[in-house]
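Structure first, then comments.
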Amino acid sequence: MIARRAVLAGAAALAAVLAAPALAHQQKRAISTVAINPRSGAIEIMHQVPVHDAEHALRVQGAQSPDIIGSAESREAFARYVAQRFVLAVDGVVAVPAYVGSEITGGSLWVYQELPAARAGTPIRINSQILTDVWALQENRVNIGSGAGVTTLIFTAGDAAQDMLLAS
Amino acid sequence: MQQTKGSFEDKFRQLDEVLPDPSTTRNASGAPGHEYWQQKVDYKITATLDETKRRLTAKATIRYTNNSPDALPWLWLQLDQNIFKRDSMAELTDAFGGPGRRGPKVSLGSASEPTKLSMDELRRQQAMADNEYGYDISAVTLMDGAALPHTIVGTLMRVDLPAPLAPGETTEFAIEWAFNIVEEDAINARSGYEHFPDDPRKGGNDIFLLAQWFPRMVVYSDYEGWHNKEFLGRGEFTLEFGDYEVDLTVPSDHIIAATGTIQNPDAVLTAAQRQRLETAKDAAAPMFIVTPQEAAAAEAGNPKGTKTWKFAATNVRDFAWASSRKFMWDAQGVKQPGAENETVLAMSFWPKEGGDLWKKYSTAAVVHTLKVYSRFSFDYPYPTAQSVNGPVGGMEYPMITFNGPRTTLNKDGTRTYSLAEKMFLVGVVIHEIGHIYFPMTVNSDERQWTWMDEGLNSFLDSVAGFEWDPNMPWTRSVPRDLVSYMVSNQQEPIMTQSDSVTNLGSNAYGKPSAAYHLLRDTIIGRERFDFALKEYARRWKFKRPTPADFFRTMEEASGTDLDWFWRGWFYSTDHVDISLDSIYRLKVDTKDPDIDLPRRRAEKEAEPDLVGIGLNKAQGLPIWVLENPGVRDFYDTNDQFTVTPKDRKGYTSFLEGLDPWERQVFDRAVKEDANYYVLNFSNKGGLVMPVILGLTFKDGSTQKMNIPAEIWRRNARDVAKLLVFPKGKELVQVVVDPDWETGDADLENNHYPRRIIPSRIEAFKDEASMDRVSRDLMGEAAGAEPDKRK
């Protein structure tokens, strides 16, 4: 048996609402895509988070009246949070993606980041912990590549980073 | 069935070998069979809520009618509250930090990070340690008081009958029970209490949401016998219809919302409240039954003993209720001329924390839902439709729903809400009230097939959302929204048992909703889809459909073989990606050398010169034949396309050799001189789909063409299609799925000629460059012209 130290997590989590996961409320999932743009060669990173989840996460983090749809400030605050919770290392070096922007489409908040060019096949290491500090049920999916050749990594709270090869 | 030679893949294989055989209870067209049966269970319940101890004590008489052709030696009941016992299967199999966990945040440690327990998890652990949850079953007896042997198996209980219950027979027995009500926020459940410590009343107040609160009969069906699958928390419920008489004793100042209608309003409502309720039936807008002032007074006061509210409900599959002194209550009558319930009371109950958000939108959303959903199914089948605010995010029961969105309390004491919160309230009320149609009336098996009610309901709630306000950013679940899920290699087919699905939101809500949008707007068409869906709802109203009944009804009523569609969307994890690989243009050869050869000459001349000859010319190199004119001959003045008498004779012979019908066809084709194009498609995603084409012609005109999915029936990987357009209609561009109807994952290969499709980020950057924020709107408004030199 390996003894493991148990500690209290620092942040108090929002009381999870675990009724029927009607899509009109918290879905507790984020889907990210990491792919090379074949034209520019840049690594494009897109995060899709349900608007409701994003707004409640901001409230958990202390925002008094978050308004993801109506307030650019709320949106940008969440985008900064997403950037902190998504860790990507390219070829062994922790990357600092440039923040491109965010928008709302189809009930989702999209957050965009990008990195300078890298070749397909470059080793990458990823950990998506978006909102895992808020809800135990949070399950994040990261699609590597685009089109028909997508490989998906799944992350839940406390998962270690996973290794993959970059794809376009 | 397996293809053992070659690589043919039959995407159109009929589902007969997969679906259960039709029977006398469920026929081959998807309708209830001529011997369809279902059990009936009637309940008479009396329950008392001990507010201080947060404990419910109750007894029930259950009248069970065996309509099956089988003798039943025992009956099974569902003891859902037992999921909260410390040794329940749900608790014991709750993986720490694992995916799909129903509970507060924990995280498994790693070499560099300690294992973490959140405050919420500790709170949950402490609540579980401090309280005995789950049912205390104190008696199970026959009506004469004789004890009935019973065996509890987790969340199930078997009651052994003195003698098998014969077909057509009815039995009655009684159960007495009690349980401690869980704190919803601490335990995480589908019901429970919420405490408000800051209320003016000493000790604060509670809202109680009571669901899964009585032993409910397990379903005994024609296709599965007893449905005794343990309640693990995610897979919801499978229930029988019956009539309920329920007496609820609560503190005298509580207001109760419940399944059914109040039988003793004189005893529980004031004269003013009764009058308001009567007036509300004809009101054009929601009006208060319990006013904010009355609720505020109750919230600050104390009860004077208890009151017993009596409710009755007919032909419902469940009973739920809510109780609190915090509730405001409004109502508005919805008229359904000619329906069984000509006036339905749409009602909402909420505490001050719901604020104006609830006052403006909850009951309004209930009214809107009834109008839209009834159009797609049947008249709302019950006398009330209620939305109650409490600690549960969103749950549905017959005639009553629990919905979570609230206002935010500001430092200055005001309450406000964001546009998103408004959208969530309207959205969740539509969704949960919609569930009263599916599955509360069209009674599908939620435990086994979440998608049957959630998929259909997500589809209909998006339809209702668009009809509420198309400009709201709803979670709409149309095909283009599901692409990132459907391309993933980590997913399960929709036809997977609910407790085993890893991403239930996308799998059971979003993907089937997208499939129905696609069927309705693209594949079948609105008229036939709506007819078929309404027929499914009509056939299975107050009955229990299975997936096969749904699939068969939709095909039979729409007149469309959709086996390929169910097979691809519901039984596989393929996605949509159709590529237009190439286009070949063909011209009819007239065989007339005086027409064809000059044309071929023109085509030849249109080809670019050889690069080397051009370079020679540029270099000024001499041409031998030009420098030696004396040796020129016939071939220097006639090329390979010169028409000869032999050519003309051959043409005449060709015409003479044709049969009369061939000559007729040939002459017409030559005369029409149409444009022929062969388009080559490949299916890269696996899902066979209609090939929707956006065509643009040289003359600037456009045309949309829908080639049915059956084009893929003999080769699901590559197909070619001949398109013919009249003379003068020359194609210059073709786009597959130009309106993004199918959820095609790769748009770049949809275009011919190929077009660069900007990535999502590139498109965002382009739009951002047009952002009005960066423009000098003040200057523009004043009519100022920018100085372009600066």
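Predicted model, so just to flag it, every value in this text is computed and none were measured. Every chain is numbered from 1 and lettered A, B, ... according to where its sequence line falls, protein lines coming before strand lines.
Remark: B:Arg717 pairs with B:Ser7, B:Glu9, B:Asn715 by the side-chain contact (heavy atoms from CB on, under 4.5 Å) rule, at least two apart or across chains.
Checked against the 6.0 Å centroid criterion, the rings of B:Tyr397 and B:Phe402 qualify as a close aromatic pair.
Ring geometry for B:Phe459 against B:His517 counts as perpendicular: the plane angle is over 60°, on a 0 to 90° scale with 30° as the lower cut.
Ranked by heavy-atom pairs shorter than 4.5 Å toward chain B, the options A:Val51, A:Leu153, A:Ile69 are led by A:Ile69. Note: A:Ser102 leads A:Ser40, A:Ser102, A:Ala42, A:Ala35 in heavy-atom pairs under 4.5 Å with chain B. No other option in A:Thr151, A:Thr33, A:Ile144 has as many heavy-atom pairs under 4.5 Å with chain B as A:Thr151. Taking chain A as the reference chain and counting heavy-atom pairs below 4.5 Å, the highest number among B:Thr416, B:Ile430, B:Leu409, B:Asn503 is found for B:Asn503.
Using a 4.5 Å cut-off between heavy atoms, A:Ile68 makes no contact with chain B at all. For B:Asn410, the parts sitting under 4.5 Å from any heavy atom of chain A are the backbone and the side chain alike. Heavy atoms of A:Ser74 lying under 4.5 Å from chain B are absent altogether. B:Glu446 does not touch chain A: none of its heavy atoms, backbone or side chain, sits under 4.5 Å away. The contact between A:Gln113 and chain B is made entirely by backbone atoms, counting heavy-atom distances below 4.5 Å. For B:Ser759, the parts lying near chain A are the backbone and the side chain together; criterion is any non-hydrogen pair under 4.5 Å. For A:Glu44, the parts lying near chain B are the backbone and the side chain together; criterion is any non-hydrogen pair under 4.5 Å.
A donor-acceptor pair under 3.5 Å links the side-chain atoms of A:Asp159 to the main chain of A:Thr156, judged by distance alone.
With respect to the salt-bridge test (charged N to carboxylate O, under 4.0 angstrom), the residues A:Arg141 and A:Glu139 qualify. The pair B:Arg760-A:Glu114 fails the salt-bridge criterion, with no side-chain N (NZ, NE, NH1 or NH2) lying under 4.0 Å from an Asp/Glu carboxylate O.
By the neighbour-count criterion of 12 heavy atoms within 6.0 Å, atom CZ of A:Arg39 is densely surrounded, having more than that number from other residues, nucleotides or ligands.
Put simply, the side chain of A:Arg85 does not reach to within 4.5 Å of the side chain of A:Leu131, judged on heavy atoms.
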